[in-house]
Amino acid sequence: MKELSLNILDIAENSLKAGATKVEILLTEENNTLTIEIIDNGCGMSKKTLENVINPFYTTRTTRKVGLGIPFFKEAAEQTGGSFEITSVESSVDSKKCGTKVKTLFYTDSIDFTPIGDIVSTITTLIHGSPDVDFVFKHKKENGEVSLDTREIKAVLGDDIPLNSIEVIEFIKNSLNAEYNSL
Amino acid sequence: MKSLAELAAIRDKMKNSVAMRDGASGIRVVVGMATCGIAAGARPVLNTLVEEVAKENLSDKVTVTQTGCIGICQYEPVVEVYEEGKDKVTYVKMDVDKAKEVVEQHLKGGKVVAKYTIGK
C-alpha cells in the first residue's frame with residue numbers, strides 16, 4: 001500500500017464485513033509518533049481466529065487463499081520500529097461489548113514511514129459504501145484536531161436524504177479538507 | 001465537524017430531487033474494494049466514477065456501489081457494469097482516465113469500451 005490511508009480503508013472494510021454498526025478511526029500525532037486506532041462493534045473474532053489473522057495465508061474469504069490486509073498494516077508499522085496490536089471480543093462471549101480494536105504505532109521520523117496520504121478520500125469512500133454505519137473520525141495533530149461524526153450529519157439530514165448522496169459526500173469531502181487547511 | 005448550517009442548506013435543496021431518484025433503476029456499477037483492489041488503486045477509480053456520474057447527470061439511472069474481492073486479484077482494479085437484459089461487462093486494470101472514458105462512452109453513450117474488458 002502506498003498510503004497508510006489505504007491500509008485504514010482496508011482494515012475498516014473488515015469491520016464492515018463483521019457487521020459493525022459503528023466504526024471509529026482515530027489518528028493521533030504526537031512528537032515523532034503516529035497512533036492509528038480502528039475500533040468497531042462488529043461480531044469480533046474467536047481466540048483462534050485472532051491468532052491467525054496476522055498470518056498472510058489465513059483468510060475467511062473463499063475467493064482466494066491469502067489475506068494480506070492485516071499483515072500489510074502490521075508490516076507498515078513494524079518497519080518504522082513501531083508496533084501492532086489487535087484485540088477482539090466475540091459476540092457469543094459478550095453481545096454488548098463485542099467488537100475488534102486494531103491499534104498501531106508508527107515512528108514518523110523513520111525512513112520507512114509510509115505517508116498517511118489522502119485520508120479524506122478514505123473516509124468518504126467508507127461512508128459512500130456503508131451509509132447506514134456510524135463513522136467517527138478524529139485526527140489529532142500537534143496544532144489542532146480534525147473530526148467528523150456521521151451521526152451529527154444524519155441528524156441534520158433527517159430520514160429523507162441518504163448519507164451517500166453525491167451532494168452529501170462532496171460536502172463531507174470539502175468540509176474535512178477545509179478543516180485540514182485551517183490547521 | 002463544522003459548517004452544519006451549510007449542510008442544512010444542501011438538505012433543503014435536495015428534498016425536491018430525492019423523490020425522483022427513488023425510482024432509479026437501470027445500470028449498476030460495482031467496484032471491487034478488498035485488499036487487492038485497494039492496493040491496485042480502486043479508491044481513486046471509485047471516487048472518479050461517483051464524481052463523473054454526478055457531473056454527467058447520470059445519477060437517475062446509474063448507481064455506483066462497492067463490493068469485496070471479485071476473485072481476479074491480478075486484474076484489479078476491477079469494475080463491473082450490470083444492466084438489466086444485458087450481459088455483465090467486466091472492466092479490468094482500471095485507472096482514473098479509463099474510468100472517465102467508461103462513464104462517457106458506456107454509461108452515458110451506451111457503448112461498451114471493449115479494449116478495457118475481459119472475458120464476458
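Here is how names work: the chains are called A, B, and so on, in the same order as the sequence lines, proteins then strands, and each is numbered from 1.
Neither the backbone nor the side chain of A:Phe137 has a heavy atom closer than 4.5 Å to any heavy atom of chain B. With a 4.5 angstrom heavy-atom cutoff, B:Leu46 touches chain A only via side-chain atoms. Using a 4.5 Å cut-off between heavy atoms, A:Thr122 contacts chain B through both its backbone and its side chain. For B:Leu7, the parts lying under 4.5 angstrom from a heavy atom of chain A are both the backbone and the side chain. Both the backbone and the side chain of A:Asp118 have a heavy atom closer than 4.5 Å to some heavy atom of chain B.
Going from atom CD1 of A:Ile161 over to atom CG of B:Asp12 covers 7.5 Å, rounded to the nearest 0.5 Å. Rounding to the nearest 0.5 Å gives a distance of 7.0 Å between CG of B:Leu4 and CD1 of A:Ile153. To the nearest 0.5 Å, the span separating CG on A:Leu16 from CD on B:Gln66 amounts to 9.0 Å.
Hydrophobic cluster membership differs between B:Leu58 and B:Val96, with clusters built from Ile, Leu, Val, Met, Phe, Trp and Tyr side chains linked at under 4.5 angstrom. In the hydrophobic clustering of ILVMFWY residues, with side-chain heavy atoms under 4.5 Å counting as a link, A:Val102 and A:Leu26 come out apart. Residues A:Leu105 and A:Ile86 are members of separate hydrophobic clusters, defined by side-chain heavy-atom contacts under 4.5 angstrom among Ile, Leu, Val, Met, Phe, Trp and Tyr. Both B:Val45 and B:Val112 are members of a single hydrophobic cluster when ILVMFWY side chains are connected at heavy-atom separations under 4.5 Å. Follow the hydrophobic side-chain contacts under 4.5 Å out from A:Val23 and you never reach A:Val136; the two are in separate clusters.
Between B:Glu51 and A:Lys173 there is a side-chain heavy-atom pair separated by less than 4.5 Å. Between B:Lys13 and A:Glu167, the closest side-chain pair of non-hydrogen atoms is not below 4.5 Å. Taking the side chain as every heavy atom from C-beta outward, A:Met1 and B:Thr35 approach each other to under 4.5 Å. By the 4.5 Å heavy-atom criterion applied to side chains, A:Ser175 and B:Glu6 are not counted as neighbours.
Side-chain N or O atoms of A:His128 include one that pairs as donor or acceptor with a backbone N or O of B:Val64 at under 3.5 Å. Remark: the backbone N or O of A:Val156 is paired with a side-chain donor or acceptor of B:Arg11 at under 3.5 angstrom.
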Practice prompt. Using the side chain to side chain contact (heavy atoms under 4.5 Å, CB included) rule, take A:Asp160 and B:Met14 through it: C-alpha gap first, then chi angles, then the decisive distance, then the call.
Written response: CA-CA 9 Å; A:Asp160 297 339; B:Met14 282 179 69; over 6 Å; no
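Your options are B:Thr65, B:Ile72, B:Val50, and the one with the most heavy-atom pairs under 4.5 Å with chain A is B:Val50.
Around CD of A:Glu30, the count of heavy atoms belonging to other residues, nucleotides or ligands within 6.0 Å does not exceed 12. More than 12 heavy-atom neighbours from other residues, nucleotides or ligands sit within 6.0 angstrom of OH on B:Tyr116. More than 12 heavy-atom neighbours from other residues, nucleotides or ligands sit within 6.0 angstrom of NZ on A:Lys154.
A:Ser121 and B:Asn47 get closest at one heavy-atom pair: OG-ND2, 2.8 Å.
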